[in-house]
Participant: 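My structure is below; once you've seen it, I'll send some questions.
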Protein chains: 2
Amino acid sequence: MNAWDDYRIILALERSGSVRGAAQALSVNHATVSRRLAALNRRLDAAVFERIEGRYRATAQGKPLVAGALRMEEAAYAAEREMAGLDQSMSGRLTLSLPDVVAKCLLMEDLGRFCHEHPDIELVLHTSHSFADLDRREADLVLRISNHPPDHLVGRRLFKYARSCYCAPHYLANTAFARLRWLGWPDDADRPEWVQETVFPDVPVGMRIEDPMVRHAAALAGHGLIFDACFVADRAAGLVRVPGALPILDRDIWVLTHPDMKAAPKVAVLFRFLVEAISLKRGLIEGRPATA
Amino acid sequence: MNAWDDYRIILALERSGSVRGAAQALSVNHATVSRRLAALNRRLDAAVFERIEGRYRATAQGKPLVAGALRMEEAAYAAEREMAGLDQSMSGRLTLSLPDVVAKCLLMEDLGRFCHEHPDIELVLHTSHSFADLDRREADLVLRISNHPPDHLVGRRLFKYARSCYCAPHYLANTAFARLRWLGWPDDADRPEWVQETVFPDVPVGMRIEDPMVRHAAALAGHGLIFDACFVADRAAGLVRVPGALPILDRDIWVLTHPDMKAAPKVAVLFRFLVEAISLKRGLIEGRPATA
DNA sequence: ATTCATTGGTGCGTACTTACACCAATGCTT
DNA sequence: AAGCATTGGTGTAAGTACGCACCAATGAAT
């Protein structure tokens with residue numbers, strides 16, 4: 001009876017190359033994968049995988065099973081997507097994938113209001129750093145910041161968001177020009193490209209911090225200049241824009257969903273909500289003074 | 001973990017329209033199907049099936065799942081076929097589907113010899129009346145008697161098999177012409193088409209018997225004329241060909257396999273064996289006297 | 001060379017799923 | 001209209017599969 005689930009094990013083994021990795025992907029114990037693979041080999045009277053250089057690889061006979069499992073997975077994901085797209089209810093789970101900074105510093109109040117307006121919808125925020133895969137139903141909608149048009153997703157490109165140069169209020173006055181430093185990213189060069197576009201193209205990178213929030217905190221503590229999103233820094237107490245620094249329009253803001261799910265009322269209502277909420281904050285996002 | 005197996009339940013429910021029918025198709029208890037369907041609905045937070053006029057039908061939301069399950073099934077069958085086609089061994093299970101009469105009266109000794117020559121091959125004879133579906137791996141090879149070319153199977157058309165008119169030795173001498181009767185099929189008319197081609201086109205059908213072996217026994221018992229395969233009746237003690245009755249060539253004999261499995265040595269060797277064994281009996285099958 | 005981490009396999013107790021009942025409800029046949 | 005067959009649902013006991021251990025083996029890092 002558990003014949004088709006074996007294909008999931010085959011797929012997980014092929015992808016991870018180890019019994020323990022496959023078990024993790026399937027959220028089961030590695031003993032389960034080990035035993036079920038053994039049972040599968042016994043049932044098929046042939047080895048599906050062989051261990052080569054410490055890695056599980058499909059045998060010649062196993063390869064068709066892997067290919068079949070891939071097609072089954074595709075069919076299963078498509079089926080679940082299409083089913084979700086036909087859901088006419090305004091209740092249940094609804095997942096939005098978006099950059100954590102956007103969630104925290106730009107849309108937190110709006111998302112709270114959305115939950116209040118739709119109390120039966122269980123909104124789930126997915127703020128993993130990697131983009132959610134809507135094909136695999138990791139999310140119903142994504143708010144993506146990118147200059148590349150999305151593969152096959154549908155939705156709207158809104159406008160570009162702006163970044164500019166910020167620092168703690170007295171950092172510039174208290175620091176000799178030669179000791180000025182940028183707060184950069186771990187893989188930045190001494191004078192990366194983005195520095196060239198700022199008002200301090202000759203200041204080198206000092207501390208390199210991956211996490212945006214930590215980089216932000218470092219700037220607050222007066223440890224350097226930060227090139228940060230205006231919607232974050234302009235509203236942050238304890239940071240001022242460097243005099244003369246203009247907002248630099250960077251990547252586009254996209255609100256996207258999968259074509260299969262566009263028609264679902266739940267998805268559509270959050271889509272419109274996000275577009276409106278973001279559009280209302282266009283001035284802030286593009287780094288224009290709120291008084292203008 | 002048993003996520004993909006639910007698609008098997010969906011498919012079985014869609015096809016049979018009842019919980020008990022689906023359970024039978026899956027070889028499980030109907031309570032299992034009932035509970036797993038309930039669990040699935042709970043997990044998806046939506047009904048996949050609804051009962052309309054006493055029959056389970058997929059709901060609007062369920063239809064994509066059924067479509068997905070169909071594609072998954074197709075992928076699973078294709079994967080297993082391709083894997084079986086790569087099997088290089090000369091051992092293990094090998095299934096041949098063929099008409100029971102052919103197995104019993106024509107190839108029984110040959111098939112026994114095949115098993116003797118290949119002791120590690122577990123030959124399985126599949127003599128269901130309906131054609132085995134090679135796509136679904138119900139058999140590795142089929143011996144089919146038909147005038148229609150096979151859909152997408154590959155193999156060889158050999159030659160037509162012959163039928164002629166037989167009866168018990170003294171049936172004709174002991175029966176008045178007006179009381180002669182054909183032994184026919186249940187759905188035969190009084191004077192069906194096939195009677196017209198015989199030497200007794202004006203003799204009506206008497207007893208109507210579905211099973212070929214039983215019809216054969218009825219002829220042996222002197223209950224009528226029988227229009228039977230020459231390879232059956234010519235070798236049967238107790239039946240004689242009606243004087244003047246010629247063999248009538250009927251449908252073609254095909255030996256077929258699935259393209260995916262043609263290359264497997266096990267399949268190829270049985271294929272060649274069958275072609276040779278049948279060809280050696282061409283005279284018998286075409287109803288020509290053995291002395292010619 | 002030694003230590004350490006990671007791998008896959010196996011015994012064991014538990015928890016879950018299943019089959020076997022029996023049940024009420026519905027539809028078909030007589 | 002009444003009897004019968006078939007349907008889907010549920011309680012219970014048995015069987016199976018699972019997770020948690022612990023194990024030896026292998027490879028990586030110091």
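Any value given below was found using the heavy atoms of this structure, including those in side chains, with hydrogens, waters and symmetry copies removed. Please read all numbers here as calculations on a predicted model, not as lab measurements. We name chains A, B, ... by the order of the sequence lines, and we start the count at 1 in each one.
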Participant: Could you go step by step and tell me if Tyr7(B) and Trp4(A) meet the ring-ring contact (aromatic ring centres under 6.0 Å, His included) rule?
Facilitator: CA-CA 8 Å; Tyr7(B) 285 97; Trp4(A) 285 9; 7.4 Å; no
Participant: In this structure, are over 12 heavy atoms from other groups packed under 6.0 Å from Arg179(B) atom CZ?
Facilitator: no
Participant: For dG19(D), does OP1 or OP2 lie under 4.0 Å from any side-chain N or O of Thr32(A)?
Facilitator: yes
Participant: Please report the distance, rounded to the nearest Å, between CZ in Arg43(A) and P in dA17(D).
Facilitator: 11 Å
Participant: If the sugar-phosphate is the primed atoms plus P, OP1 and OP2 and the base is the rest, what is the B/S/- string for nucleotides 3-13 of chain D, using protein heavy atoms under 4.0 Å?
Facilitator: ----BBBBB--
Participant: Would you mind reporting whether Val48(A) and Asn41(A) have side-chain heavy atoms less than 4.5 Å apart?
Facilitator: yes
Participant: First locate atom CZ of Arg93(A), then atom NZ of Lys266(A), and finally report the distance between them rounded to the nearest 0.5 Å.
Facilitator: 10.5 Å
Participant: Do other residues, nucleotides or ligands put more than 12 heavy atoms under 6.0 Å from Asp45(B) CG?
Facilitator: no
Participant: Output the rounded distance in Å from CG (Asn41(A)) to C1' (dG9(C)).
Facilitator: 14 Å
Participant: If you count heavy atoms of other groups shown closer than 6.0 angstrom to NE2 of His116(A), is the number above 12?
Facilitator: no
Participant: Rounded to whole Å, please give me the gap between CZ in Arg55(A) and C1' in dT6(C).
Facilitator: 15 Å
